[in-house]
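Lettering follows sequence order; numbering is per chain, from 1. What you see below is based on every heavy atom in this structure, not just the backbone, and it leaves out hydrogens, waters and symmetry mates.
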2 protein chains.
Amino acid sequence: MVTLAEVARHAGVSASTVSYVLSGKRTISAPTRERVERSIRELGYHPNAGARALASSRSDIIALMMPLRTDMYVPVMMEIAMAVATTARAHGRDVLLLTDQEGPEAVRRVIGSGLADAMILMDVELEDERLPLVHEAPRPAVLIGLPADTEGLTCVDLDFAATGRLCVDHLAALGHRELAVIGEAPAVYERHTGFAERTITGVRERAAELGLRVLHRPCEGSFESVAGALARIFDERPATTGIVVQNESAVGPLLSLLRQQGKAVPEDISVVAICPDQVATQTSVALTSVAIPAHEMGRRAVELVMAKLGASAGTGTGAGTGTGAGTGTGAGGRVAAPPRETVVRLLAPRLTTRASTGQAPRLVP
Amino acid sequence: MVTLAEVARHAGVSASTVSYVLSGKRTISAPTRERVERSIRELGYHPNAGARALASSRSDIIALMMPLRTDMYVPVMMEIAMAVATTARAHGRDVLLLTDQEGPEAVRRVIGSGLADAMILMDVELEDERLPLVHEAPRPAVLIGLPADTEGLTCVDLDFAATGRLCVDHLAALGHRELAVIGEAPAVYERHTGFAERTITGVRERAAELGLRVLHRPCEGSFESVAGALARIFDERPATTGIVVQNESAVGPLLSLLRQQGKAVPEDISVVAICPDQVATQTSVALTSVAIPAHEMGRRAVELVMAKLGASAGTGTGAGTGTGAGTGTGAGGRVAAPPRETVVRLLAPRLTTRASTGQAPRLVP
DNA sequence: TAGATGTATCGAAGCGCTTCGATGGAGCTT
DNA sequence: AAGCTCCATCGAAGCGCTTCGATACATCTA
């Protein structure tokens with residue numbers, strides 16, 4: 001392996017000069033810089049990551065902690081991860097993939113060892129057990145999802161309450177008065193992930209404002225489960241004409257079942273789904289939907305991390321250090337952790353109208 | 001941050017002693033070890049990753065290069081990634097997440113900088129452009145998927161040819177004589193990912209042996225696309241009674257369409273899918289299927305990496321390295337890059353019989 | 001008992017990089 | 001011409017760890 005010293009010798013300069021060419025932290029004359037750059041190229045030099053990390057106490061690595069579970073929103077998780085990875089690279093950072101399998105301790109291990117400079121936590125629960133560690137960690141963290149108490153935290157998420165309201169608005173505008181929500185699997189509610197509740201809250205809230213009725217039924221993704229939920233809905237509220245589907249794996253079965261039961265979409269029943277566009281467009285009737293902006297969530301998370309690191313990127317965009325809340329190294333002993341800024345970035349939902357929603361039918365009650 | 005030196009002082013021993021306690025590379029007397037371990041715990045010490053990497057020239061990181069594309073097998077990719085992450089941790093390693101966005105250069109960067117000790121490449125194409133770099137890299141790599149030329153490489157994959165044969169065997173045993181394959185999207189074939197072709201080859205091969213007829217139609221995952229493929233199939237071969245679906249996102253539409261067309265599954269048409277069990281069991285008719293053993297692929301990949309690193313694991317299970325279809329190590333001179341062993345580990349497919357396949361109907365031709 | 005053998009620990013030399021404070025000229029000013 | 005200020009570069013001191021000989025002592029052997 002080629003070392004910096006060898007590059008220096010080859011270029012006829014000192015090691016520190018090569019280092020400064022690499023980092024740009026001091027001005028180097030054009031001729032010297034070019035000579036060094038040529039040597040780097042000719043020798044095929046790659047700075048040693050460990051040495052760099054040791055000397056600078058920065059690893060240029062961002063840890064991403066993903067849920068191990070794959071019962072929900074797999075494509076969304078995947079897209080977030082990919083967005084994080086590519087955005088991080090655009091800022092000259094790499095991504096370390098962690099799972100929650102290891103438990104909250106992983107946070108301490110990765111930050112404590114200096115393996116990563118910052119963390120991004122996915123699938124945050126209302127009372128997430130990683131939060132205490134995030135609070136005490138000497139490195140920045142960004143959450144994807146909202147915990148119950150966001151004080152001192154930085155979070156990104158889709159505004160699920162607004163999403164719920166948006167779905168209701170859309171159906172209400174089309175004249176629907178009786179709505180049903182096919183929700184997530186009961187397990188999701190039990191886990192207190194928050195987003196499912198927030199969606200329902202948004203739906204109920206707006207429905208109440210507009211004087212609509214709403215029936216909410218949790219539902220697994222399986223065909224039988226959707227069949228059951230649907231049966232219960234029409235049993236209890238035969239006049240239902242608008243359905244909001246939150247569980248993306250329920251959309252396929254739902255459409256099949258409606259067709260089976262002789263209910264036309266959108267003529268008899270309108271359907272709005274909360275799901276990736278890919279799912280919405282691949283069904284027999286293209287679905288009016290609100291997409292979860294997975295890519296943007298991942299990208300934003302990284303950008304918030306970069307801002308907190310006060311960094312300026314490698315190949316990335318220049319500039320832009322959003323100031324965080326104070327530094328403050330105390331004099332003598334252990335100083336209390338400096339109070340941190342609270343940042344909650346909720347992304348506005350966008351509804352795309354497709355074939356599955358239309359005017360509410362005249363009902364003959 | 002607590003350093004090794006502080007731990008040493010706290011425990012009243014030298015730094016090297018602490019290091020040996022940590023690594024176990026030299027015997028340390030029980031009392032000393034316990035004292036050191038207590039100090040480590042009390043001080044909350046975490047070895048600095050950078051320093052460790054620099055001194056030992058091992059980062060204990062495995063790089064995983066994933067496809068950025070999300071048009072195919074997303075759940076499978078995700079499951080592989082998760083299996084890699086958890087298995088790696090069980091061996092005391094972390095995982096660096098790379099995408100192919102950065103191009104083949106990423107291999108050189110990550111290996112050249114010593115950021116990772118080894119690589120796992122997913123979604124390997126027949127003539128993958130990363131292969132030259134893998135060959136010249138001074139660190140081990142494991143491929144998930146088979147390139148055209150596996151000489152000197154280590155690969156893991158599902159035996160797709162056997163998968164194709166297995167599907168045919170199953171349908172043939174039930175008396176079906178005319179089969180159709182709903183394949184992957186044309187783009188997948190154009191990309192030369194290999195597995196799709198290998199499946200078809202297996203299907204054709206066994207069909208020929210058993211005297212069955214097979215029609216293969218590539219197909220996107222959308223409803224229209226499946227409808228088109230299906231129409232062309234029944235148009236050309238009205239006597240088709242057995243369908244093999246390789247494109248997992250086609251299964252939902254396929255079942256809807258068949259029902260719509262008054263063809264009962266399995267009474268009129270038997271369907272075998274190549275898809276995750278989760279997909280197979282969530283459909284209206286539970287599907288007989290061959291699952292892609294994503295978890296095992298990820299696990300195996302890591303185990304092969306560990307074997308190549310000549311390591312012995314951290315918290316991991318012991319477990320054996322089954323013998324591969326290895327070819328020999330050449331006995332050449334030590335001058336050029338030492339010839340590497342070829343290991344191709346093909347996992348045997350397993351077919352699970354569910355509701356979607358049954359006796360071939362008597363046809364009235 | 002001198003020597004050989006083994007065990008538990010220590011000391012010191014790096015690993016390859018960053019970074020801070022020189023250093024030596026060139027170009028100004030007065 | 002002496003004194004300044006800049007600019008470009010160099011030297012050296014670590015960063016926190018691993019690892020390779022010592023070293024010191026205890027135990028065994030002949």
Round to a whole Å and report the spacing from CZ of Arg9(A) to C1' of dC10(D).
16 Å
Can you tell me how far P of dT9(C) sits from CD of Glu34(B), to the nearest Å?
12 Å
For nucleotides 17-23 of chain C, read 5' to 3', which letter fits each nucleotide if B means a protein heavy atom sits under 4.0 Å from the base, S means only the sugar-phosphate is that close, and - means neither?
BBBBBB-
Where the side chain of Thr87(B) meets the backbone of Ala83(B), is there a donor-acceptor pair that is under 3.5 Å apart?
yes
Any [X] side-chain heavy atom under 4.5 Å of [Y] side chain:
| X | Y | value |
| --- | --- | --- |
| Val302(B) | Val95(B) | no |
| Met77(A) | Asp123(A) | yes |
| Pro47(A) | Leu4(A) | no |

Is it the case that Thr17(A) and Ser14(A) place a side-chain donor and acceptor less than 3.5 Å from each other?
yes
Students often get this wrong, so: under 4.0 angstrom with heavy atoms, is Leu54(A) touching a base, only sugar-phosphate, or nothing?
base
